[in-house]
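Have a look at the structure below before the remarks.
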Amino acid sequence: MSAQLVQLSLTDASFPPLVADAYRSLLRDAHQALDEAEVPTSDRRAWIVPGRIEVLGKHVDYAGGRSLLCTVERAIVIVARVRNDPNVVLRDARRREAISLSLDSPTRGAVPWAIYPRTVVNRLVRNFGNAVGGADFALASNLPAAAGVSSSSALTVGLTLAFTALFNLSAHPLFQQALFDRPALAGYVGAIENGLDYGVLGGEKGVGTMGGAQDQTAILCSERRRLEVFSWAPVTFERSVAWPESHTFVVGVSGVVAAKTGAAKERYNRAARTAHRLVDAWNATGVPRVQMLRDAFLAAGDMRVPGEIPPALVAAAEAAADHEFSAAHLIGRLEQFYDEAFVIVPQATDALARNDLAEFGRLVDKSQAGAERALENQIAETVHLHRYARELGATAASAFGAGFGGAVWAMVPTADAERFASRWRDRYLRVHHSASHRSLFFTTSPSPPAFEVLDG
């Protein structure tokens with residue numbers, strides 16, 4: 001995939017009129033926030049950074065699995081301009097909030113979302129030193145926050161793109177060595193969030209979650225009207241498949257916050273720690289040692305032909321059981337990872353390629369069942385949203401994102417999308433009344449990746 005970052009005009013045919021109008025409204029709000037702060041209008045640059053749908057590939061990126069991904073037609077807009085001092089000032093145009101960070105000593109911000117810009121600033125300064133300068137940013141978003149559509153990763157991606165462009169970081173020798181294409185850049189932004197080293201670019205404290213690079217890859221590497229298959233660690237493009245022209249996504253946001261903070265962060269990280277425990281269990285058996293759960297599967301048996309989980313890997317999991325992770329839990333996670341990465345994603349992509357939507361729906365249901373059974377990340381609201389979508393005739397439906405709240409996507413015929421969304425919402429809110437003030441239902445198609453706005 002090309003290393004070139006994307007630049008588009010909102011008059012491009014990629015954007016339906018209503019989507020383009022929504023983006024223009026966000027841009028106006030962001031520019032107005034800078035105007036009110038008396039930031040000069042000259043030399044401002046703007047980016048539109050979409051959220052994403054994890055169509056398939058639940059909790060597999062940090063374990064080296066594979067996912068089927070696309071972006072949505074909702075986004076964070078970032079407008080930025082270089083400052084003449086070592087300060088980074090960010091203004092949220094719609095929340096009317098602002099934070100200021102010093103490049104010399106970025107400190108904890110007063111608002112919850114400050115952790116993301118602070119993490120980006122700390123990492124870029126560590127990796128690129130005084131090549132990074134101060135800047136004014138204004139943000140405006142129509143992405144639902146903490147809903148599973150990766151609003152937080154969209155922010156970290158957008159800030160990284162903005163700093164890269166404003167200070168020409170792509171000309172830095174370390175950038176050229178490590179970040180040679182968009183998948184590599186996505187892997188790096190994932191490392192910004194999880195705090196790990198990325199090649200020659202040393203790690204720094206992340207945001208506290210043990211995630212991979214799935215969200216960042218979808219945001220940077222998706223294509224309009226297509227779903228992309230990527231595998232992980234390192235980020236590797238595998239294939240692309242056309243999204244059926246006859247269908248669209250309806251996204252149902254449950255209204256239950258899927259924040260990766262506090263107790264929710266610990267539950268999220270437990271899924272990752274289970275995968276790490278399984279790697280340790282395999283490595284305790286002797287050679288060959290591996291780094292990823294995917295590699296443990298490959299080392300334990302021939303995975304070219306789908307079949308049973310290698311017995312040696314099951315035995316290793318049983319031997320590693322303790323008070324924190326029971327044998328049943330560890331084996332269940334093995335089964336979920338195997339099904340998702342080695343069976344469901346490849347077969348579902350094949351089904352889409354031959355337009356076998358019934359088979360696609362069956363495989364997506366299998367993925368959802370695996371999440372409910374083994375990931376421990378589904379709640380009544382997301383389980384019910386999936387069930388109601390299928391009962392109302394959705395071709396396929398699944399919860400997505402980290403879980404413990406968030407959203408469910410449904411694949412429906414485009415001609416019926418608005419009617420379906422209304423019926424789905426009504427059915428859901430009859431049972432989950434308390435979600436009415438936070439739930440949201442919207443339609444979307446796979447959209448372009450993050451891009452700099454040529455007419456912004």
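Position 1 is the first residue of the sequence; numbering continues from there.
- Looking at heavy atoms from C-beta onward, L440 lies out of side-chain contact with V251 at the 4.5 angstrom threshold.
- For the atom pair CD1 (I78) and OG1 (T160), the distance works out to 9.0 Å, reported to the nearest 0.5 Å.
- F297 and F337 have their aromatic ring centers within a separation under 6.0 angstrom.
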task = With side-chain contact (heavy atoms from CB on, under 4.5 Å) as the test, would you mind laying out the steps for V77 and L139 before giving the verdict?
result = CA-CA 6 Å; V77 162; L139 320 172; over 6 Å; no

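- In this structure, S67 contributes its side chain and L69 its backbone to no donor-acceptor pair below 3.5 Å.
- Contact annotation: the side chain of F163 approaches that of F137 to within less than 4.5 Å [non-hydrogen atoms, C-beta and beyond].
- The main-chain N or O of E97 is never found under 3.5 Å from a side-chain atom of D92 such that the two would form a donor-acceptor pair.
- Taking all atoms of both residues into account, the shortest heavy-atom contact from L166 to A135 is CD1-CB, 4.0 Å.
- Using a cut-off of 4.0 Å between Lys/Arg side-chain N and Asp/Glu carboxylate O, E204 and R118 are scored as not salt-bridged.
- Looking only at atom types and distance, the side chain of Q378 has no donor-acceptor partner in the side chain of E372 under 3.5 Å away.
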Review item, side-chain donor-acceptor pairs of residues 402-409, under 3.5 Å, at least two apart:
residue: W409; atom: NE1; partner: V55; partner atom: O; Å: 3.3

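- K58 and S398 share a side-chain donor-acceptor pair at under 3.5 Å.
- Dense packing is recorded around CD of Q176, with more than 12 heavy atoms of other residues, nucleotides or ligands lying under 6.0 Å away.
- The closest donor-acceptor contact from the side chain of R91 to the backbone of A33 lies at 3.5 Å or more, if one exists at all.
- Between the side chains of T156 and Q216, no donor N or O sits under 3.5 Å from an acceptor N or O.
- No hydrogens or angles considered: nothing links the side chains of E73 and S445 as a donor-acceptor pair under 3.5 Å.
- Judged purely by atom type and a 3.5 angstrom limit, E340 uses its side chain to pair as donor or acceptor with the backbone of G57.
- A side-chain donor from one of S9 and D455 sits under 3.5 Å from a side-chain acceptor of the other.
- Here the straight-line distance linking atom CG of L363 with atom NZ of K366 works out to 7.0 Å at 0.5 Å rounding.
- Listed by chain and number, the residues in a ring pair (Phe, Tyr, Trp, His ring centres under 6.0 Å) with H329 are F325 (sequence neighbours excluded).
- Counting heavy atoms of neighbouring residues, nucleotides and ligands inside a 6.0 Å radius, atom CZ of R354 exceeds 12 of them.
- Applying the salt bridge (charged side-chain N to carboxylate O under 4.0 Å, His left out) test to every pair with at least one member in residues 245-256, sequence neighbours left out, gives these pairs: R225-E245.
- By the neighbour-count criterion of 12 heavy atoms within 6.0 Å, atom CG of N130 is sparsely surrounded, having that number or fewer from other residues, nucleotides or ligands.
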I'd like a table of donor-acceptor pairs (distance under 3.5 Å, sequence neighbours excluded) in which one partner is a side-chain atom from residues 235-242, with atom names and distances.
residue: T236; atom: OG1; partner: P234; partner atom: O; Å: 3.1
residue: E238; atom: OE1; partner: R66; partner atom: NE; Å: 2.9
residue: E238; atom: OE2; partner: R66; partner atom: NH2; Å: 3.2
residue: E238; atom: OE2; partner: S231; partner atom: OG; Å: 3.1
residue: R239; atom: NH1; partner: D350; partner atom: OD1; Å: 2.7
residue: S240; atom: OG; partner: R226; partner atom: NE; Å: 2.6
residue: S240; atom: OG; partner: E228; partner atom: OE1; Å: 3.1

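- Of all the heavy atoms in S151 and A146, the pair that sits closest is OG-N, 3.7 Å.
- Salt-bridge formation is detected for the pair E324/R273: a Lys NZ or Arg NE/NH1/NH2 atom is positioned less than 4.0 Å from an Asp or Glu carboxylate oxygen.
- Without hydrogens or angle criteria, W282 side chain to P288 main chain gives a donor-acceptor distance under 3.5 Å.
- Residue S447 forms a side chain to side chain contact (heavy atoms under 4.5 Å, CB included) with just one option from S222, C70, P50, and that option is P50.
- Applying the salt bridge (charged side-chain N to carboxylate O under 4.0 Å, His left out) test to D21 and every residue at least two apart in sequence or in another chain returns R24.
- Within 6.0 Å of atom CG in D85, more than 12 heavy atoms from other residues, nucleotides or ligands are found, so the atom counts as buried in its surroundings.
- Below 30°, between 30° and 60°, or above 60°: for H59 and Y62 the angle between ring planes is above 60°, a perpendicular geometry.
- At distances below 3.5 Å, not a single donor-acceptor pair connects side-chain atoms of D197 with backbone N or O atoms of G199.
- Note that CD of E335 is 11.0 Å distant from OH of Y338, once rounded to the nearest 0.5 Å.
- Within the 6.0 Å centre-distance limit, the rings of F249 and W243 are counted as a close aromatic pair.
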request  = Just do the side-chain contact (heavy atoms from CB on, under 4.5 Å) check on D35 and T41 with the steps written out, would you?
outcome  = CA-CA 7 Å; D35 293 343; T41 59; 3.9 Å; yes

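- With S153 contributing its side chain and S150 its backbone, the two residues share no donor-acceptor pair below 3.5 Å.
- Here the closest non-hydrogen pair linking P449 and V6 is CG-CG2, 3.9 Å.
- Distance check, rounded to the nearest 0.5 Å: CG of L220 to CG of D215 gives 11.0 Å.
- Checking R123 against N127 by side-chain atom types alone, a donor-acceptor pair falls below 3.5 Å.
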message = Go through it in stages, so that I can follow the logic: the residues are V88 and L90, the test is side-chain contact (heavy atoms from CB on, under 4.5 Å), and I'd like the CA-CA distance, side-chain angles, deciding distance and then a yes or no.
response = CA-CA 7 Å; V88 175; L90 298 100; 3.7 Å; yes

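- The two residues I76 and S141 come nearest to each other via the heavy atoms CG1-OG, 3.5 Å.
- To the nearest 0.5 angstrom, L27 atom CG is 6.0 Å from L10 atom CG.
- Checked by atom type and distance alone, the side chain of R294 pairs as donor or acceptor with a backbone atom of G64 at under 3.5 Å.
- Looking only at side-chain heavy atoms (C-beta outward), D29 and R94 come within less than 4.5 Å of each other.
- No side-chain heavy atom of F360 sits less than 4.5 Å from a side-chain heavy atom of D356.
- Side-chain atoms of H247 and T414 form no donor-acceptor pair, as typed in the model, at a separation below 3.5 Å.
- Nearest heavy atoms, Y198 versus A178: CE2-O, 3.9 Å.
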message = Would V60 and W232 count as a side-chain contact (heavy atoms from CB on, under 4.5 Å) here? Give the steps.
response = CA-CA 8 Å; V60 299; W232 312 109; 4.2 Å; yes

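- A donor-acceptor contact shorter than 3.5 Å links the side chain of N283 to the backbone of V290.
- Taking the six-membered ring for Trp and the full ring otherwise, F451 and F15 have centroids separated by under 6.0 Å.
- With rounding to the nearest 0.5 Å, the separation of CZ in F400 from CG in L56 is 12.0 Å.
- A side-chain donor-acceptor contact under 3.5 Å links N269 to the backbone of G208.
- Counting only heavy atoms from C-beta outward, the side chains of I99 and V89 never approach each other to under 4.5 Å.
- Under 4.0 Å is where a charged nitrogen must lie from a carboxylate oxygen, and between D136 and R44 no such pair does.
- Summarising the geometry of A75 relative to N142, their closest heavy-atom pair is N-OD1, 2.8 Å, with the distance given to 0.1 Å.
- Among residue pairs with one or both ends in residues 64-101, none qualify as ring-ring contact (aromatic ring centres under 6.0 Å, His included); sequence neighbours excluded.
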